[in-house]
*Asks:* 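Questions regarding the structure given below will be posed in turn.
Each chain gets a letter, A, B and so on, in the order its sequence line appears, and its residues count up from 1.
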Number of protein chains: 2
Amino acid sequence: MSAASQSRPLRADAARNRQLLLDAAAMIFAEHGMQASVAQIARQAGIAKGTVFRHFPTKDDLVAAIVCDQLDYLSAAGTALSDAADPTAALLEFMTSVVELQTRDRSLCQAAVGIFQDNQEIQACADRLTKITEILTERARLQGGIRGDVTGQDVILLLRGVYQAAAPLSDRQPTLWRRFLAVVFEGLRSPAAYPLPLPAPDLFRSPLGDGQSPPGARAPTSLQIRDDRGNSEEP
Amino acid sequence: MSAASQSRPLRADAARNRQLLLDAAAMIFAEHGMQASVAQIARQAGIAKGTVFRHFPTKDDLVAAIVCDQLDYLSAAGTALSDAADPTAALLEFMTSVVELQTRDRSLCQAAVGIFQDNQEIQACADRLTKITEILTERARLQGGIRGDVTGQDVILLLRGVYQAAAPLSDRQPTLWRRFLAVVFEGLRSPAAYPLPLPAPDLFRSPLGDGQSPPGARAPTSLQIRDDRGNSEEP
DNA sequence: ACCTGAACACCGTTCAAGT
DNA sequence: ACCTGAACACCGTTCAAGT
């Protein structure tokens with residue numbers, strides 16, 4: 001379902017092997033994270049190691065394919081909530097789903113850091129997810145449930161943070177992320193006591209801000225105590 | 001300075017090599033993260049690869065030694081702030097320092113997940129840091145600056161989250177973490193709109209809660225929308 | 001005691017040889 | 001076209017041989 005509509009259709013055995021490979025990879029990455037070996041996945045799928053690299057030129061590409069499926073799943077979950085009666089509650093429910101999936105699949109969050117940057121396919125999926133998150137965020141913002149200077153980008157990245165905050169204890173306290181999600185959501189709530197420092201993050205094309213600029217950008221430095229020479233990009 | 005006071009002193013050349021090794025490792029880990037190869041570090045230090053494993057039985061132990069130094073640095077920074085005039089501002093300044101160090105040294109945060117669990121040395125350092133963080137947190141709490149159900153454990157783990165949230169964009173927007181730190185700190189502020197779900201995390205010995213129990217534990221489920229069957233530990 | 005470098009079992013990746 | 005498995009350059013780790 002991920003990158004199927006390319007060139008001409010695969011040969012029967014190739015298509016079969018590809019599916020076996022994807023299934024095996026999804027299973028093993030979910031359990032052991034993306035540091036699981038290609039050999040292990042190939043064994044699980046019942047194909048030769050070399051075949052893996054025929055379907056995906058690099059291990060990262062294989063991870064990317066799996067991650068894309070999950071990002072799309074989250075995009076769908078977000079879309080389903082995009083006309084909910086209570087936008088703020090919908091946003092929280094969406095955020096819950098995102099962290100929940102991360103805890104179920106260890107590779108999702110790991111992959112985000114390493115591959116996000118240059119992988120084309122994952123970029124497209126991430127963009128879709130960002131877009132729907134932006135919609136949910138804006139609805140909650142217009143409802144007055146969350147502060148005015150928060151963007152969908154903020155939300156997505158913060159959800160990565162929520163999962164990672166709880167990750168060190170995930171085996172001993174597997175639902176601890178709910179606590180941290182509550183803290184973060186509390187921080188997003190209206191009314192805002194202090195404006196956020198720095199402009200909102202921008203995952204998209206341009207180095208910083210083009211097209212529709214994010215709403216709450218360029219707030220004064222607020223409560224930052226140490227010297228923060230504001231929004232200097234590259235040093 | 002880390003684990004020096006063990007058994008009898010090292011031979012002159014061994015002590016010298018150990019220091020060269022630690023310096024090289026600190027430099028290279030900071031720059032490339034802990035996935036930098038042992039060979040690279042040995043080369044930088046000007047010693048043989050085998051010598052690395054004579055001083056540190058495993059690569060993780062080497063990482064742990066470096067990380068411990070940094071945890072101790074943060075503990076010292078926290079101690080220096082433990083009698084500041086404004087406890088809430090002190091806590092925020094401390095939190096800023098912690099995230100700042102993580103952005104300067106990529107290995108710190110990475111190591112926390114993988115090694116925290118079973119490494120003795122790192123446990124001791126982390127415990128010290130947790131203790132001083134607890135002190136700073138309690139002072140801010142008593143001042144009324146942050147909500148009553150937040151612990152030092154929460155703060156430490158959330159700081160990991162703040163860094164990780166900003167990590168995917170750290171090369172393009174290197175100070176973005178300040179924005180996310182502001183969101184999280186806002187979530188910790190008083191007064192609390194809703195109580196936090198789940199008991200506070202507990203990095204220490206016991207599976208859950210012994211000795212001095214954390215303050216705000218066992219709050220009702222608050223705003224969680226989806227089914228959260230509360231604080232069930234192992235499923 | 002400590003250092004060294006060859007050796008080992010792994011890893012991701014490549015590619016000639018098969019069907 | 002696609003699959004296979006041997007081969008390659010790497011990795012962390014071990015250890016006999018040196019001083």
*Asks:* Just the rounded figure in Å: distance from P of C/dC11 to CD of A/Gln40.
*Replies:* 8 Å
*Asks:* Using whole Å, report how far CZ of A/Phe56 lies from P of C/dG12.
*Replies:* 15 Å
*Asks:* Is any side-chain N or O of A/Arg11 closer than 4.0 Å to OP1 or OP2 of D/dC2?
*Replies:* no
*Asks:* Rounded to whole Å, please give me the gap between CD1 in B/Ile41 and P in D/dC11.
*Replies:* 11 Å
*Asks:* Given that both distances must come in under 3.5 Å, which nucleotide forms a Watson-Crick or G-U wobble pair with C/dC10?
*Replies:* none
*Asks:* Rounding to an integer number of Å, can you tell me how far A/His32 NE2 sits from C/dC11 P?
*Replies:*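 After rounding, the gap between these two atoms is 12 Å.
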*Asks:* Go through D/dT13, C/dG12, C/dC3 for me and flag the one nearest to the B/Phe53 side chain.
*Replies:*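 From the listed options, D/dT13 comes nearest.
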*Asks:* Hey, which sits more toward the 5' end of DNA chain C by its nearest nucleotide, A/Gln35 or A/Thr51?
*Replies:*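 Nearest nucleotide further toward 5': that of A/Gln35.
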*Asks:* If you check every side-chain atom of A/Ala14, which of D/dC3, C/dG5, C/dG12 has the closest atom?
*Replies:* D/dC3
*Asks:* Give B/Ala42 one of three labels, base, sugar-phosphate or nothing, depending on what nucleic acid heavy atoms sit under 4.0 Å from its own.
*Replies:* nothing
*Asks:* Under 3.5 Å, is there a donor-acceptor pair between the side chain of B/Thr58 and the main chain of B/Asp61?
*Replies:*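 Flag not set: sc B/Thr58 to bb B/Asp61 has no pair under 3.5 Å.
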*Asks:* Once you apply a heavy-atom cut-off of 4.0 Å, does B/Ala12 come out as touching a base, just sugar-phosphate, or nothing?
*Replies:*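 No contact.
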*Asks:* Determine whether any donor atom in the side chain of B/Lys59 lies under 3.5 Å from an acceptor atom in the base of D/dT13, or the reverse, and answer yes or no.
*Replies:*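 Between D/dT13 and B/Lys59, which were checked side chain against base, a qualifying N/O pair under 3.5 Å is absent.
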*Asks:* Answer yes if the side chains of B/Gln123 and B/Asn119 hold a donor-acceptor pair under 3.5 Å, and no otherwise.
*Replies:* no
*Asks:* Applying the side chain to side chain contact (heavy atoms under 4.5 Å, CB included) test to B/Trp177, which of B/Thr96, B/Leu159, B/Leu169 qualifies?
*Replies:* B/Thr96
*Asks:* Any strand is fair game: report the nucleotide pairing with C/dC3 by Watson-Crick or G-U wobble, both distances under 3.5 Å, or none.
*Replies:* none
*Asks:* Rounded to whole Å, please give me the gap between CG in B/Asp60 and P in D/dT13.
*Replies:* 7 Å
*Asks:* Is A/Gln164 reaching over with its side chain to a backbone N or O of B/Gln164, donor-acceptor style, under 3.5 angstrom?
*Replies:*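 Pair absent, no side-chain N/O of A/Gln164 close to backbone of B/Gln164.
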*Asks:* Can you tell me which residue among A/Val99, A/Leu158, A/Val162 is in a side chain to side chain contact (heavy atoms under 4.5 Å, CB included) with A/Phe180?
*Replies:*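 Passing option: A/Val162.
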*Asks:* Does OP1 or OP2 of C/dC3 have a side-chain N or O of B/Asn17 closer than 4.0 Å?
*Replies:* yes
*Asks:* Does a side-chain N or O from B/Thr58 land closer than 4.0 Å to OP1 or OP2 of D/dT13, or not?
*Replies:* yes
*Asks:* Does A/Gln120, at its CD atom, have more than 12 non-hydrogen atoms belonging to other residues, nucleotides or ligands within less than 6.0 Å?
*Replies:*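 No, not enclosed.
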*Asks:* Measuring to OP1 and OP2 of C/dC2, would you say a side-chain N or O of B/His55 lies under 4.0 angstrom away?
*Replies:* no
*Asks:* May I have the distance from B/Leu20 (atom CG) to C/dC2 (atom P), rounded to whole angstrom?
*Replies:* 15 Å
*Asks:* Using whole Å, what does the distance between atom P of nucleotide D/dC3 and atom CZ of A/Arg43 come to?
*Replies:* 19 Å
*Asks:* Under the 3.5 Å rule, do the base of D/dT4 and the side chain of A/Lys49 count as making a donor-acceptor pair?
*Replies:*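 Answer no: no donor N or O sits under 3.5 Å from an acceptor.
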*Asks:* Looking across every strand, which nucleic acid part, if any, lies under 4.0 Å from B/Ser37 by heavy atom: base, sugar-phosphate, or nothing?
*Replies:* sugar-phosphate
*Asks:* Where the side chain of B/Ile47 is defined as all heavy atoms beyond and including C-beta, which of C/dG12, C/dT4, D/dC3 is the nearest nucleotide?
*Replies:* C/dT4
*Asks:* For the pair made of CG in A/Leu62 and P in C/dC11, what is the distance, rounded to whole Å?
*Replies:* 15 Å
